[in-house]
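Here is the structure we will look at, set down as structure tokens.
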Amino acid sequence: MNIALFLQMAAEACPDRPALTHDGKHYTYAQLFSAAKRAALHFSATNCKFVCLLDTSSPATPIALMGAAIAGIPYVPLNYRLSEEQITPLLDRINPAYLISGPRNETYDVDGWVVQNSADFLSDVLNGQEVEVTWHEDPSAVAVQLFTSGTTGIPKAALLRHEHLVSYILGSVEFMGALEDEAALVSVPPYHIAGISAAMSNIYACRRVVQLPDFDASAWLRLVADEGVTSAFVVPTMLTRIIKEIDAGKLDPKAFSSLMSIAYGGGKMPVPVIERALTLFPGVNFTNAYGLTETSSTIALLDPDDHRAAIDHDDTALRARLGSVGKPLPSVEIEVRDEDGRQVGPFESGEIYVRGPQVSGEYDGRSVLDADGWFPTRDAGYVDNDGYLFLSGRADDVIVRGGENISPGEIEDLLHQHPAIADTAAVGIPSEEWGEVIALTVVCATGQTITEDELRSHIREHLRSSRVPEAIHFASELPYNETGKLLRRVVREWFKADED
Amino acid sequence: MLKPGTRLKSAVCDAEFMIIKAGDSDTLTCGGVALDESSDRLEGESDKMNGCLIGKRYINANESIEVLCVKTGEGSLYCNDEELMTKDTKKLPSSD
């Protein structure tokens, strides 16, 4: 069991189909598979214990992933945007590695390592004779090691074994399920789990991938039109920017009529954004995908029919589903548990636990699965009467005010609906009296204003007085990392700075 | 023993398989001839040559065995004399 089997099967079934488009150049499945085998030989000829990619998306992304898999060496894509101070300690943890780096990170040169720039690596593996390689076939070998973004501390190395990733793909993707003219636009970076799963699932579906290395809304829209893109995955901030770009440029959504489906995930999608997207693209199938690095990507889906039912109905329960992440995949079980580990009923909040063959739940060789194989996600949420899952934030983000647990999402969801507010974040800050109190940051919509008093009375009117923030801060924008994750730590620091 | 991940070849056609799940004593045949890791070509039994298709997952009635076809062939897949059938899976929207 080896993830490279997906590429071998695609190359067997449709060798001449285009597999990848990068910078206007096309590569077939046969080319990618031959290159992956040559890459496996290169990796095996060294004493490296890891294959590290420190670059934006390029043909090197699937080739290094699959080549490392054939050779049985863990593939470790790193965030190329990190500073040298952040990258060096990560490199120390993957010693010795075969390092493939892009133009931004070409200065790294470690003793005893093979260091190659992406262009040289590609010219080595894309050309030459066909090679035969011995496959590494241990299903429990580590296929991919991803460092978590470290928003709450030192990055953890999440391990995904071949058996987890193979289970995920076989359970969720139909082999050669894509028609010849389908194309998926991939704008998530290679070091994100969505980048890994996009590479694997599109190869298994035999769907051409169009790579957009650095997301930019106008470049994204241009590629959709130029390459006849039929599907895409975006994080919420990307969708927000795409909509802004269309609205600001008064672009005709018909120019993007090749687009059949958009999947989104990787962070909480504000309901007004998805509502606007559904209106702008009435013919597009929208899917909300909820997943984590430690679960080999998607574990729950809100499918296109759920989206349509929600937008077409005035029924509150159906409409509320636009804020849901849907139902578990057929091979995945999900439970919501309270602090004592007991499963709770519908509409009761707790921590989300997940179990299934795609769930790894393992860091640096340390498993955090419980005795029955359940993984504590640290995400807080609840299910409705029909089993639809709603997220209310990270369990660590819950604000505990005088013993009462307050989810930041509750306040943020309300304010996202307010026309004067473009974005907002609620965080807990220390208080002698209450333990923690609510601190709110607000970004006003262009040309709009709202006062602190108006904010407080709006919250008091719609929620409870315990949800009224103690401190309010106005900002021009909120801090997000490049994959759309809100950096609450930074927001908390703003309030510390306000006090000083 | 058929461990998950084991790759096997048909002895009668081009078909290749990967074990997803199997019991210790299960015996797999294609075209009536035992699967092997080698590629000697033998004659299949004519009534067991209905074909198998790349990308399909094959299971028995109680789903104690599951095999992925990784290369198409003319032989049909049997486990302990029970013909395996393709597993119907719910089609999911693409989420990546």
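So you know, we letter chains A, B, ... as the sequences are listed, proteins then strands, and number each from 1. Here the structure is a predicted model, which means the values were calculated and not measured.
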Relative to chain A, which segment of B:Ile19 carries a heavy atom at a distance below 4.5 Å: side chain, backbone, both, or neither? backbone
More than 12 heavy atoms of other residues, nucleotides or ligands under 6.0 Å from CG of B:Asp81: yes or no? no
Would you indicate whether B:Glu43, at its atom CD, is surrounded by more than 12 heavy atoms from other residues, nucleotides or ligands within a distance under 6.0 Å? no
Region of B:Lys3 in contact with chain A, defined by heavy-atom distances below 4.5 Å: neither
With a 4.5 angstrom heavy-atom cut-off, which part of A:Ser297 approaches chain B: side chain, backbone, both or neither? side chain
Heavy-atom proximity to chain B below 4.5 Å, by part of A:Tyr290: neither
Residue from A:Leu329, A:Leu170, A:Thr287 scoring the most non-hydrogen pairs under 4.5 Å with chain B is A:Leu170
A:Tyr264 versus chain B, heavy atoms under 4.5 Å apart: side chain, backbone, both or neither? neither
Side chain to side chain contact (heavy atoms under 4.5 Å, CB included) test vs A:Leu185 passes for just one of A:Val229, A:Thr21, A:Leu259, A:Val234, namely A:Val229
Do the non-hydrogen side-chain atoms of B:Leu35 and B:Cys30 ever get within less than 4.5 Å of each other? yes
When you measure from the centre of the six-membered ring of B:Tyr58, is the NZ or CZ of B:Lys56 closer than 6.0 Å and no more than 45° off the axis? no
Mark yes when over 12 heavy atoms from residues, nucleotides or ligands other than A:Met260 sit less than 6.0 Å from its CE; otherwise mark no. no
Under 4.5 Å from any heavy atom of chain B - which part of A:Thr298: side chain
Where on A:Met176 is there a heavy atom nearer than 4.5 Å to chain B: the side chain, the backbone, both, or neither? neither
Are any non-hydrogen side-chain atoms of A:Asn2 and B:Met18 less than 4.5 angstrom apart? no
Applying a strict 4.5 Å limit to non-hydrogen atoms, the region of A:Asn202 in contact with chain B is side chain
Counting only heavy atoms closer than 4.5 Å, note whether A:Gln8 contacts chain B via side chain, backbone, both or neither. side chain
